[in-house]
Each structure stands twice: as C-alpha cells, then as structure tokens.
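Notes for the one structure printed next.
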Amino acid sequence: MSAPTPLGDAVADLLGLVALGELLAFERMAADARLAPDLRRRAALGEMAAAEIANYRRLADRLGVLGVLPDDAMAAYVEPLQAYHDSTEPRDWAEVVTKAYVGDAITDDFLREIAGALREPDRQLVLDVLHDSRYAEFAAAEIRLAIAADPKVAGRLSMWARRLVGEALSEAGRVAAADRGALTTLITQGEQMDVAGLFRRLTTAHTARMAAAGLNN
C-alpha cells in the first residue's frame, strides 16, 4: 500500500475537524433544548440536533472509507473546540439562538470557502453538512422576537454576539496550533489563496447577518 499523500492526510484531518464540530453541536443542542420557552421550540432544536448527529455519521463513514479512524482524525481538535463551547455557555434561550445564528454561521462560511479546495466527493460532503437556510432563518426569527418583546435585549445580544466572534477567533488560533497542517495545506491549494480576501468575505457576511437579525455589529 502506498503511503498517504500530504493532501490526503490534510483531507482526513479536515474531515475530522468537521466531524468533531458536528458531534459537539449535537451535544450542545440537545443540552440547550432545555432552555427553550415551549415544546415547539424544544422540538425544533431537537430536530436540529438529530441532523447534526446524522452529519457526524456521514463524516465518520467517509473517514472509514479513507482508512482513518474517526477518533484519530478528531483527537487533535477536542481541546480547542471543547474550550470554545465551555467558554460560551448560553444563559437563556435568546443566547442559545444567537450562538447558533452567529457562531455556527461564521464557521459554515469558513468551511464553505475551504471546501472549494477539496476534490469530490469530499467537497460535496463538506457542503452537504453545513447548516441549511432553515436553521439560520429559525434562529434569526427567534432573535427578532426576543428584541420585539424587549428592545433592550438587542444590546445584550449584540455584546454576546461580539463575544462569540472573539472566542471563535481565539478558537481558530487554538485549532491552528493543534492542526497537523490540514487547513494550511488545503487553503494554499489552487487559486483561492487570498487570505485577506477570505477574511473580508467572512466579515462582510457576518455584518450582514447581524443587521438582518436586528443586532449591532
């Protein structure tokens, strides 16, 4: 059997990072559902959690096809990703949906950019496991309802969103430190290696997302 190529190792590492993100999202949503104000919202978050664990299974299965144990692919990222979630524990339902809307969306934006460097079927797999528009629409609607009920909530949630972004950037640094070269290898493939442009696009999308939910950037 030939030795894995650096790009092949990088793909496995990236899929491990995404898989761990899905697993932790499942755990988080299942726990956060207890903060929902009614059974309808509780069920909605439960359905989202179910989607996350289904996505994890798809990624784990793909890693198996590549000859990589999912535990091995995820191991390097456990500490930084768990640290992010531990440091951004929501206190109420409004913070739950803001974390989903802001934190998960900026991660999705980043992964969507990285996916362009992947070959099929891994490119489509990563795109498939990103949160669909219904997820963001639900969270944004809940944020707007909270603000409509109490306009002062907008300031608190805006500050919470800024904290989430700051923690996410710190998390990215920790992931980079733990990473075995996956993101560096993939990002530097092809024509899209415009790091400044990448972060401008992420910032622009984040600013628009905040405004759409009635939050201040």
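In what follows, every heavy atom counts, from backbone to side chain, and hydrogens, waters and symmetry copies are set aside.
Atom CD1 of I147 sits about 5.0 Å away from atom CG of L215, to the nearest 0.5 Å. Taking CZ of R40 as the reference point, atom CG of L45 lies at 12.0 Å (rounded to 0.5 Å). With rounding to the nearest 0.5 Å, the separation of CG in D108 from CG in L202 is 11.0 Å. Remark: T107 OG1 to L130 CG distance equals 10.0 Å, nearest 0.5 Å. Separation of atoms CG (L23) and OH (Y56) is listed at 6.0 Å; rounding is to 0.5 Å. Rounded to the nearest 0.5 angstrom, L157 CG and R144 CZ are separated by 13.0 Å.
No donor-acceptor distance shorter than 3.5 angstrom exists from the side chain of Y101 to the backbone of F138, with no hydrogens or angles considered. The main-chain N or O of D128 is never found under 3.5 Å from a side-chain atom of Q124 such that the two would form a donor-acceptor pair. A side-chain donor-acceptor contact under 3.5 Å links K99 to the backbone of T88.
Residues that satisfy the side-chain hydrogen bond (donor to acceptor under 3.5 Å, both in side chains) test with D150, not counting sequence neighbours, are absent from this structure. Applying the side-chain hydrogen bond (donor to acceptor under 3.5 Å, both in side chains) test to R91 and every residue at least two apart in sequence or in another chain returns E95.
Linking ILVMFWY side-chain heavy atoms closer than 4.5 Å, directly or via other members, places I143 and M159 in two distinct hydrophobic clusters. By the rule that hydrophobic residues join a cluster once side-chain heavy atoms approach within less than 4.5 Å of another member, L81 and V126 end up as members of one cluster. Linking Ile, Leu, Val, Met, Phe, Trp and Tyr residues whenever their side-chain heavy atoms come within less than 4.5 Å leaves L69 and V11 in two separate clusters. By the criterion of side-chain heavy atoms lying less than 4.5 angstrom apart, applied directly or through intervening Ile, Leu, Val, Met, Phe, Trp or Tyr residues, L127 is grouped together with L118 in one hydrophobic cluster. Residues I106 and L111 are members of separate hydrophobic clusters, defined by side-chain heavy-atom contacts under 4.5 angstrom among Ile, Leu, Val, Met, Phe, Trp and Tyr.
By the 4.5 Å heavy-atom criterion applied to side chains, L24 and Y77 are not counted as neighbours. Side chains of L17 and D13 form no contact here, defined as non-hydrogen atoms less than 4.5 Å apart. With a 4.5 Å cut-off on side-chain heavy atoms, N55 and R57 do not count as touching. Under the 4.5 Å side-chain criterion, counting only non-hydrogen atoms from C-beta, P121 is in contact with R62.
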Applying side-chain contact (heavy atoms from CB on, under 4.5 Å) to L164 and Y84, what does each step give before you reach the verdict?
CA-CA 9 Å; L164 289 168; Y84 167 71; 3.9 Å; yes
Test R28 against D104 for salt bridge (charged side-chain N to carboxylate O under 4.0 Å, His left out), laying out the working first.
CA-CA 12 Å; R28 186 191 86 225; D104 292 353; 2.8 Å; yes
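When every heavy atom of S158 is checked against every heavy atom of M210, the shortest pair comes out as O-CE, 4.4 Å. The minimum heavy-atom distance linking G214 with A154 is given by the pair O-CB, 4.1 Å. The heavy-atom pair separating A12 from V68 by the smallest distance is CB-CG2, 3.9 Å. Closest of all the heavy-atom pairs between D109 and R112 is OD1-NH1, 3.1 Å. Scanning both residues, P90 and L35, for their nearest heavy atoms gives O-CD1, 4.1 Å. Here the shortest heavy-atom pairing between H206 and V102 reads CE1-CG1, 3.7 Å.
R58 has no carboxylate O lying under 4.0 Å from a charged side-chain N of D61, or vice versa, which leaves the two without a salt bridge. A salt bridge is defined here as a Lys NZ or Arg NE, NH1 or NH2 lying under 4.0 Å from an Asp or Glu carboxylate O, and R156 with D92 meets this definition.
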